[in-house]
Structures are given as C-alpha cells and as structure tokens.
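Quick notes on the structure that follows.
We use all heavy atoms of the structure for the numbers below, so side chains are in, but hydrogens, waters and symmetry mates are not. Protein chains get the first letters and strands the later ones, always in sequence-line order, with residue 1 at the start of each.
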2 protein chains.
Amino acid sequence: MSVGIRHDDLRRRNRAMVLSAVRRTGQPSRTEIAATTGLSHSTISAISSDLIQEGILAESKPSETASLKRGRPQVGLALKPEAAAVVTVVLSLNFLSVAVIDYAGQVIAEEQRRLDTLTMPRDELIGECTAIVRRRLDDPDLDVGSVARIAMGIQGITDSHARAMLWSPITPLTDIPFADILEKEFGIPATMENDCNMMAVALQWRDPERYRDNFIAILLSHGIGMGLVLKGELFTGTHSSGGEFGHMIHRPGGALCRCGRRGCVEAYAGNYAIWRSAMKMSEDAEPVDVGDADMRALAAKARETDGAEREAYRRAGEALGFGLGSLFALIDPAPVAMVGVSAAAFDLIEPALREAIAQTAGGQHSKSISFDTEPNELPLIREGCAIRALTFVDQEIFASGVQARAGGKNVA
Amino acid sequence: MSVGIRHDDLRRRNRAMVLSAVRRTGQPSRTEIAATTGLSHSTISAISSDLIQEGILAESKPSETASLKRGRPQVGLALKPEAAAVVTVVLSLNFLSVAVIDYAGQVIAEEQRRLDTLTMPRDELIGECTAIVRRRLDDPDLDVGSVARIAMGIQGITDSHARAMLWSPITPLTDIPFADILEKEFGIPATMENDCNMMAVALQWRDPERYRDNFIAILLSHGIGMGLVLKGELFTGTHSSGGEFGHMIHRPGGALCRCGRRGCVEAYAGNYAIWRSAMKMSEDAEPVDVGDADMRALAAKARETDGAEREAYRRAGEALGFGLGSLFALIDPAPVAMVGVSAAAFDLIEPALREAIAQTAGGQHSKSISFDTEPNELPLIREGCAIRALTFVDQEIFASGVQARAGGKNVA
DNA sequence: CAGTATTTTTTCGAGGCTCGAAAAAAAGCC
DNA sequence: GGCTTTTTTTCGAGCCTCGAAAAAATACTG
C-alpha cells in the first residue's frame with residue numbers, strides 16, 4: 001500500500017519543489033520561491049545554498065533593470081546549464097531525430113536522419129536509433145555535463161510505464177523495449193514516450209495559461225492520436241499509453257480503419273480517410289499513405305470548390321465531433337489543441353465538428369469549447385520529451401541530494 | 001501551485017496512514033502497521049498511543065485464537081465506534097433513505113421513506129431530505145458520538161467538488177446545492193456524491209482483490225451510469241462527476257434518448273430503451289418509466305422465446321459493447337461490475353456485448369475482460385457514501401490531532 | 001515451576017528539518 | 001553620511017522519525 005512518509009522525504013520533496021519553481025519561473029529570487037512554495041525564507045535559503053554548492057543552481061547576474069525598488073536587490077536563481085544534460089530521440093515515419101539538451105533546456109546539439117521505417121528489419125531500426133545517440137554522445141566537440149536521461153518519443157502505442165513501444169503505424173514491428181535497449185546500451189535511464197502525450201506536455205509548458213489542468217491535444221495526421229491532461233496530470237491507460245481517441249467507434253461496422261477494424265474515428269478523419277473519401281473511393285479501400293503536400297493541395301481544392309473534397313473534410317469533422325462529444329461525456333469539455341498537417345485545414349473541419357458536438361451530451365456548451373491549431377507536431381514532441389527528461393532529473397536525481405560534496409571546505 | 005511540505009504535515013500524514021491501515025485491516029497490531037506503512041516501530045507506537053489517548057482508537061481484547069505463537073502477543077488496534085459518527089443520505093427515484101453509522105462502520109440507525117420525487121417541488125424535496133436527517137439526529141434513543149460528516153448520494157450528475165446536484169433523472173429540478181444546504185442546516189460538513197461513483201467506492205471496499213486500481217462499475221437501470229476507478233483513484237470530470245458513459249454516442253442521429261439527444265448508449269441499453277424495442281415501438285418514442293417487476297418479466301420472456309424481447313437485449317448488449325470498446329480505447333480494458341436491475345439479465349446481454357467489443361480496438365483481448373453482476377444498487381450506494389464519509393473523518397479531522405487533550409497530566 | 005527464548009511494545013537519546021526572530025547585507029533616499 | 005527598505009542569512013527552539021536498548025508478555029523446556 002501507500003508508504004508512510006519519512007523524515008528525509010521532507011527535504012527531498014522540498015528540494016524538488018525549489019527546482020520545479022526555478023524551472024517554471026526562470027530566474028526567481030529566494031523570496032519569490034518562498035512565496036510560491038509557502039515555505040519559510042530560512043528553509044529556502046538553506047536549500048538553495050545546498051543546491052548552489054552542489055553545482056545544480058547558480059545565482060544569476062543582477063542583469064536587467066538595475067532595480068527600481070530600493071532595498072537589497074533580489075538575486076535570481078537559475079538552473080546551471082552544465083549541471084547535467086538529457087538526450088531526446090524522436091522516431092516518426094521515415095524520420096529519426098536526436099537532440100542533446102543542457103540542464104537549462106537549451107539545445108546544444110542535434111542530428112536528423114531519413115530512414116525507411118516501414119520496411120526496416122528490427123535489428124536495423126534499433127541499430128539506427130542507438131547509433132545516432134552514440135554519435136551525439138561521442139562527439140568530442142560537445143562539452144557537456146554527464147547525460148542523465150534519455151527520452152524517446154514515438155508515434156504509436158507505448159506501455160503505461162513508458163518502457164516499450166507496443167505498436168506503431170511507422171513500422172510493422174511490435175513490442176520493442178526501447179527504454180531497456182537504450183539503458184543497456186548507454187547505461188543511462190531512459191523512457192519510451194507516446195508522441196501525443198509529449199505534445200500535451202509541451203503545450204502545457206508553452207502556454208500554461210491556456211493549457212493548465214485540463215486539456216486535450218489531438219494529432220490530425222495520417223492517424224489520429226490524443227494526449228490528455230486531466231487535473232494537471234498526463235492521462236495514461238492502465239496498461240498502455242492509452243487515449244486512443246482515433247479508435248473510439250464512430251459508426252459501428254462502418255469504414256475500414258488502418259487498424260483493421262471498422263468504424264473508428266480515424267477511418268473518417270485520418271489523412272488516408274479524408275483522401276479516400278475525396279477521391280470517391282470505397283470506404284473499404286485499403287488505407288494508403290498520403291504525403292503532406294498532397295494533403296495541403298487537397299485542402300486548397302476543398303476551399304476552392306464545393307465538391308467531394310469539401311465533403312470529405314465535413315465527414316472528418318463529423319467523426320471528430322461525435323468522438324469529442326463522447327469523450328466530453330466522460331471527462332467534461334476542455335480546451336482542445338489540434339496538431340498536425342490536417343490541423344492546417346481545421347477551417348474545413350470545424351463547422352461539421354461543431355455541429356456534431358452540439359448533438360452530444362458533452363457538447364452542451366459547444367460554443368464555449370475552444371480550439372487552437374498547430375500544424376507542426378515534431379517540434380512539440382521533441383520539446384515534450386526534453387521537458388519530461390529534465391523534470392525527471394530534477395525530481396528523481398537532484399532532489400535527493402546524494403551528490404558529490406567531495407570538494408572540501410573551500411566554502412564561504 | 002503545489003505547496004511545500006511543512007514539518008507538521010509529516011505527523012498529520014503519518015497519523016492518516018495509521019488510521020487508514022486500521023480501517024482497511026480491521027484489527028492490525030502495531031507491528032503490522034509498521035510493516036505495511038514502512039514507518040518505524042517507535043513512530044507507530046507514538047502515534048497509536050496519541051490516537052488512543054484522543055479516544056480515536058482502542059486496543060481490542062486479545063480475543064480469538066489465544067495466540068499459538070510464543071513471545072508477547074500482538075494487541076490489535078481497532079477504531080473506537082463512539083469516536084464519531086456519520087450520516088448517509090441516499091436519494092433515488094421515489095425513495096429516500098438515511099442511515100447513521102458509527103466510526104467503526106456499523107449502522108446504528110436508519111430510516112426510509114417513499115416520496116414522489118418526480119413531481120415534488122423544490123422546497124419540498126429539500127425539506128424532506130433535511131427533515132429525515134433531523135429526525136435521526138434528534139432521536140433520543142441514539143447515543144452516538146458527534147456526527148462529523150454527512151454524505152449524500154444521488155442518481156444523476158453532481159459537480160466535481162461533490163457540492164451540488166446538477167441534474168438528475170429522478171426530478172425535473174436542477175442545480176440543488178445539497179452539500180451547502182445540509183451544512184447550513186446542521187453545521188456538519190457534507191458532500192453530494194454521484195451514485196455510480198459511490199458504487200465504485202463500495203466495490204473497491206468489498207472486494208479489493210478484484211476491484212483494486214482499475215475497474216468500472218456500470219449501472220444498468222432506467223438510465224445507464226458509470227463509476228470509474230483509475231490508478232486507485234475515483235475518476236471525475238473536470239467540472240462534473242463525469243463518466244457519463246450512458247451518453248457516449250453509439251449511433252449518430254440514432255434512437256431518442258431520455259436526455260433529448262439521439263444515439264446515446266442509453267437510448268439502446270436503458271430500461272426504457274429495452275422496453276421500447278421489445279414492444280416494437282419506434283426509436284423516436286418518448287421514454288417511459290418501466291418498473292423493476294416489468295423488467296424482470298421482460299427478461300424472463302426473452303429467455304423463453306426468441307422474439308422481439310431477446311432482440312431488444314441483444315441491441316442493448318451491442319450498444320454497451322461498442323460503448324465499452326470506445327471506453328477501453330481510451331483507458332485500456334479493466335474489470336467491469338454490472339449493477340442494477342438489468343444486471344440480472346446480463347446473460348441476455350453478454351453475447352452481443354462481447355461480439356461488439358471484439359470489433360473494437362479496446363476489445364483486443366475480449367475474452368480476458370471479466371464481468372461481475374450485482375442486481376441491487378442501493379446498498380452499494382449507501383455503503384460507498386459511508387466509506388466516503390468515514391474516510392473523510394479519518395483523513396481530514398482525526399489526522400490533524402487538534403483534539404481535546406484538555407484532560408491534564410494524568411498520563412502514565 | 002523457574003528459567004530461557006521469543007516476540008511485541010515502549011523508552012530514550014541522536015540527528016534532521018523547518019520555523020520565527022533577529023541580524024546582516026545591499027541597495028535607494030534625503 | 002545616515003536612514004529606510006528589502007532581501008538573505010544566521011541562530012536557537014521545537015518537532016518528528018529513527019535505531020538501539022529496555023521492558024513487557026507470553027510459550028517452551030527441563
């Protein structure tokens with residue numbers, strides 16, 4: 001069961017709170033931290049002094065507005081970039097990208113590579129992933145604190161403990177324990193994250209005003225994915241990354257989905273489904289990959305003339321609307337971010353979506369449900385992975401101050 | 001943001017842990033508590049000694065098996081029944097029931113009453129609820145510790161903070177802030193809970209083996225409701241009690257639902273929907289109340305002959321199956337408890353349900369999804385309310401030992 | 001039946017942590 | 001240069017948990 005809380009947990013948690021405050025706020029003063037955490041000035045002083053000695057935080061130069069107030073000026077605390085580093089690995093259709101990020105969140109190296117993920121055999125795919133990470137880690141130009149965490153993101157389903165890819169549209173392979181593979185290869189803790197979950201994490205980071213406690217990130221791309229944040233926490237399934245919004249049932253026994261089943265939301269709203277419908281192909285037609293350029297052309301045509309193209313987007317909107325309606329019946333309405341290439345065609349989707357959602361219980365306040373769009377998902381995924389990894393370093397490594405301290409007594 | 005953890009929180013949390021261990025386990029010894037909480041024997045000794053002095057716990061007589069082991073016998077700790085009491089109020093269709101429950105969880109008084117909830121005006125409904133509680137509290141026969149909490153449960157939607165009934169099928173009235181009303185009337189903290197959520201709480205309590213971290217309780221009655229536990233926590237919507245499984249969309253634009261919309265799961269699987277279908281009425285026919293006896297007769301007939309009745313249950317199963325499939329796409333499969341009068345007809349529902357669920361992404365392991373049935377929901381709801389209220393007393397009142405202690409120095 | 005072994009519970013001192021108050025530090029203001 | 005204001009550090013007090021040892025309560029053993 002839940003375990004009692006010990007005396008040393010206290011310090012650990014409060015250190016974690018300080019680190020989290022610094023990461024969120026940028027350069028808060030000790031006084032500001034005391035205010036947001038509710039801890040006393042003495043405690044914050046003690047903790048930050050420790051963290052500075054351990055090389056995790058640093059006092060930032062007085063900088064900026066040379067203080068207009070009188071009294072002793074606040075001195076900002078900042079994350080020390082060289083305290084650690086993390087690596088992000090994002091694997092998507094035919095594309096692999098890696099970045100090394102310092103403790104303060106700055107990208108200090110990256111590499112990208114095209115591969116044929118759909119046909120690659122298992123060993124080769126794994127090999128490419130480890131090789132690209134190794135190249136970055138071995139790069140002699142890179143002077144970086146020890147890498148403390150690797151976060152890999154992938155399109156597809158991962159397990160709920162963020163250890164393995166279970167299924168992915170980008171490869172016929174299944175059940176690849178990437179986290180274990182990376183940990184074994186590099187001796188660095190690693191996780192295997194779901195792409196849409198990372199999108200949600202990044203959105204929360206980018207715009208905490210809008211995306212705070214409850215919101216939904218929906219990927220409109222070849223497939224339909226979702227990242228869900230409820231009560232400030234990333235939602236996952238009981239076994240898998242969960243949130244397979246695209247495979248909720250829109251019409252029982254309906255159009256053929258890429259997953260082999262029928263009537264899923266994705267079978268109406270995925271790129272291939274929109275394409276299939278616009279080309280007046282049968283709903284049973286085998287899903288095909290459609291390039292981003294083709295999708296943009298399709299959207300342009302739909303805007304131009306009222307034909308099968310526009311109707312295809314309308315149907316996609318309807319499927320998304322009823323799907324969202326069912327989702328909202330479960331969790332209540334929340335702000336939505338539409339991400340991915342088809343989010344750029346959201347103008348074509350929105351009317352039917354709103355009409356559908358208004359017919360559902362969850363859409364009672366259809367008007368008040370707000371949508372935002374972001375056509376490019378890859379930067380979001382990388383950013384989410386970076387934040388995930390850095391937060392792990394904050395909370396799980398640096399919070400438990402079992403650091404060096406071997407320096408000696410040259411302390412003030 | 002999240003607030004720092006202070007020094008006094010420590011004791012409070014550990015006291016809460018001890019109380020929770022005693023409530024769950026029954027009569028654990030100090031040693032057992034130390035083992036399950038991970039706290040040291042010294043700490044448990046200190047805390048339990050405090051709790052005993054404060055009149056919250058009591059040492060139980062050595063009792064039972066006069067110890068077969070050698071060594072000093074363990075002495076069990078038990079909740080002291082007279083330490084406090086709670087009141088549960090369950091309001092359902094034409095029925096109001098109240099119970100007074102002691103701190104150890106025993107029912108010590110109850111009262112039930114029939115009312116015409118559907119036609120009652122607002123003041124009268126509220127008046128009946130407060131009057132029945134007042135009668136129990138004023139009962140001179142009742143010698144009970146001070147009542148520390150009232151938990152009211154109702155069929156329908158409540159807000160996510162458990163303060164008010166927002167909408168209910170048992171009355172045309174809406175937005176009744178029962179928690180505030182009861183608090184104001186009796187000066188006792190109160191909550192307004194959703195019936196299905198309380199069913200889930202009770203199931204978790206009754207059978208923690210099966211219903212532990214992830215499970216679903218579905219009410220099959222006039223309407224279709226759901227209580228959902230994920231990662232050990234009761235799931236609620238962002239604004240409301242949420243989990244309106246019955247109003248997920250099964251067939252866009254389909255059969256008329258009691259909520260006024262079309263195609264909801266409930267419009268196929270609610271009692272009125274099964275009845276409507278069995279009677280070969282139109283899907284647009286206005287929903288009517290069907291008595292439990294009629295439903296049982298209907299089920300009997302469906303078992304007897306393969307006619308419209310059996311087909312009606314088949315359709316209900318299909319709707320529930322596709323709904324569960326969509327739900328499982330979001331949260332992954334989990335054990336299900338079917339509760340309510342139509343759960344007694346689950347044999348008629350199950351085949352079509354399983355067939356439908358197998359056609360969905362969430363039903364990949366359809367065979368492994370297990371169902372249990374419980375035809376009577378009212379006892380579950382009351383039990384859930386009681387546990388809710390008692391847990392509140394444990395965690396929020398007794399954990400922060402701002403108790404009497406006025407006694408003096410007559411301590412050992 | 002007295003002594004010994006075993007297990008549970010309590011006691012006691014040590015070590016940490018947070019807090020409030022006061023002191024120290026670092027500015028601007030007059 | 002002295003005074004005010006604000007931030008940060010220092011210091012002692014008060015709790016809390018922990019480990020070790022003592023005390024308590026029983027069964028076993030010869």
Side-chain angles (χ1 to χ4, degrees), chain A residues 3-18 27-53 57 59-77 399-402 405 411-412, chain B residues 3-18 27-53 57 59-77 399-402 405 411-412:
Chain A
V3 86
I5 161 169
R6 303 244 188 54
H7 206 192
D8 17 333
D9 294 339
L10 229 162
R11 226 329 139 74
R12 196 170 45 70
R13 294 204 197 190
N14 285 340
R15 282 168 62 105
M17 293 231 34
V18 170
Q27 296 200 342
S29 70
R30 292 167 176 81
T31 308
E32 283 166 6
I33 298 175
T36 62
T37 60
L39 296 168
S40 74
H41 286 194
S42 343
T43 303
I44 300 300
S45 181
I47 291 178
S48 41
S49 147
D50 283 359
L51 291 173
I52 288 171
Q53 262 182 55
L57 294 185
E59 297 194 335
S60 61
K61 285 293 90 184
S63 71
E64 344 188 359
T65 50
S67 72
L68 328 90
K69 298 178 303 183
R70 70 184 189 174
R72 180 173 175 173
Q74 303 188 353
V75 30
L77 295 174
S400 348
V402 272
R405 230 179 268 225
V411 186
Chain B
V3 87
I5 161 169
R6 301 247 188 54
H7 207 189
D8 17 333
D9 295 339
L10 228 164
R11 227 323 141 76
R12 196 169 45 72
R13 293 204 199 190
N14 286 340
R15 281 169 64 105
M17 292 232 36
V18 170
Q27 296 202 342
S29 71
R30 293 168 176 77
T31 308
E32 283 165 5
I33 299 175
T36 62
T37 59
L39 295 168
S40 75
H41 286 194
S42 343
T43 303
I44 300 300
S45 181
I47 290 177
S48 41
S49 148
D50 283 358
L51 291 172
I52 288 171
Q53 263 182 52
L57 294 185
E59 298 194 335
S60 62
K61 287 289 90 183
S63 71
E64 343 189 359
T65 50
S67 71
L68 327 90
K69 297 179 304 183
R70 72 183 187 173
R72 178 173 176 173
Q74 304 188 352
V75 28
L77 295 174
S400 351
V402 272
R405 226 180 272 224
V411 187

- Note on the structure: By nearest-nucleotide position on DNA chain D, the 5'-leaning member of Gly38(B) and Val75(A) is Val75(A)
- Distance col, row Glu32(B):CD vs Gln27(B):CD, nearest 0.5 angstrom, shows 10.0 Å
- For dG19(D), does either OP1 or OP2 sit under 4.0 Å from a side-chain N or O belonging to Ser42(B)? no
- Rounded off to whole Å, could you give me the CG-to-C1' distance for the Asp8(B) and dG14(D) pair? 11 Å
- Between dT8(D), dC16(D), dA23(D), which one does the side chain of His7(A) approach most closely? dC16(D)
- Message: In whole Å, I'd like the distance from the CD1 atom of Ile5(B) to the P atom of dC16(D).
- Response: 13 Å
- Message: With a 4.0 Å limit, can you tell me whether Arg11(A) has a side-chain N or O closer than that to the phosphate oxygens OP1/OP2 of dG16(C)?
- Response: no
- Correct closest heavy-atom pair for Ser29(B) and Gln74(B) would be OG-OE1, 2.9 Å
- Message: Is it the case that dT6(D) (base atoms only) and Arg72(A) (side chain only) share a donor and an acceptor within less than 3.5 Å, ignoring hydrogens and angles?
- Response: no
- Does a nitrogen or oxygen in the side chain of Arg6(A) sit under 4.0 Å from OP1 or OP2 of dC18(D)? yes
- Starting from P on dT18(C), measure out to CZ on Arg15(A) and report it in whole angstrom. 10 Å
- Task: Report yes if at least one side-chain N or O of Asn14(B) is closer than 4.0 Å to OP1 or OP2 of dT17(D); otherwise report no.
- Result: yes
- Item | Any Thr31(B) side-chain N or O less than 4.0 Å from OP1/OP2 of dT9(C) | yes
- Message: If I compare all heavy atoms of Arg11(B) with all of Ala46(B), which pair ends up nearest, and what's the gap?
- Response: NH2-CB, 3.5 Å
- Query: Rounded to the nearest 0.5 Å, how far does CD1 of Ile47(B) lie from CE of Met17(B)?
  - Reply: 9.5 Å
- Message: Without decimals, in angstroms, what is the distance between Leu10(B) CG and dG14(D) C1'?
- Response: 14 Å
- Task: Measure the distance from CG on Asp50(A) to P on dT18(C) and round it to the nearest whole Å.
- Result: 10 Å
- Map Thr43(A) and Ser45(B) onto DNA chain C by nearest heavy atom, then report which one ends up closer to the 5' terminus. Ser45(B)
- Task: Would you please confirm or rule out a distance under 4.0 Å between OP1 or OP2 of dT29(D) and any side-chain N or O of Arg70(B)?
- Result: no
- Task: Could you tell me the separation between the CD atom of Glu59(B) and the P atom of dT8(C), rounded to a whole number of Å?
- Result: 15 Å
- Taking only N and O in the side chain of Ser29(B), is any of them less than 4.0 Å away from OP1 or OP2 of dT8(C)? no
- Between CZ of Arg30(B) and C1' of dT11(C) the distance, given in whole Å, is 14 Å
- Do you know which two heavy atoms are closest between Ser48(B) and Leu77(B), and how far apart they sit? CB-CD1, 3.7 Å
- Message: Measure CG/Asp9(A) against C1'/dG16(C) and give the value in whole Å, please.
- Response: 13 Å
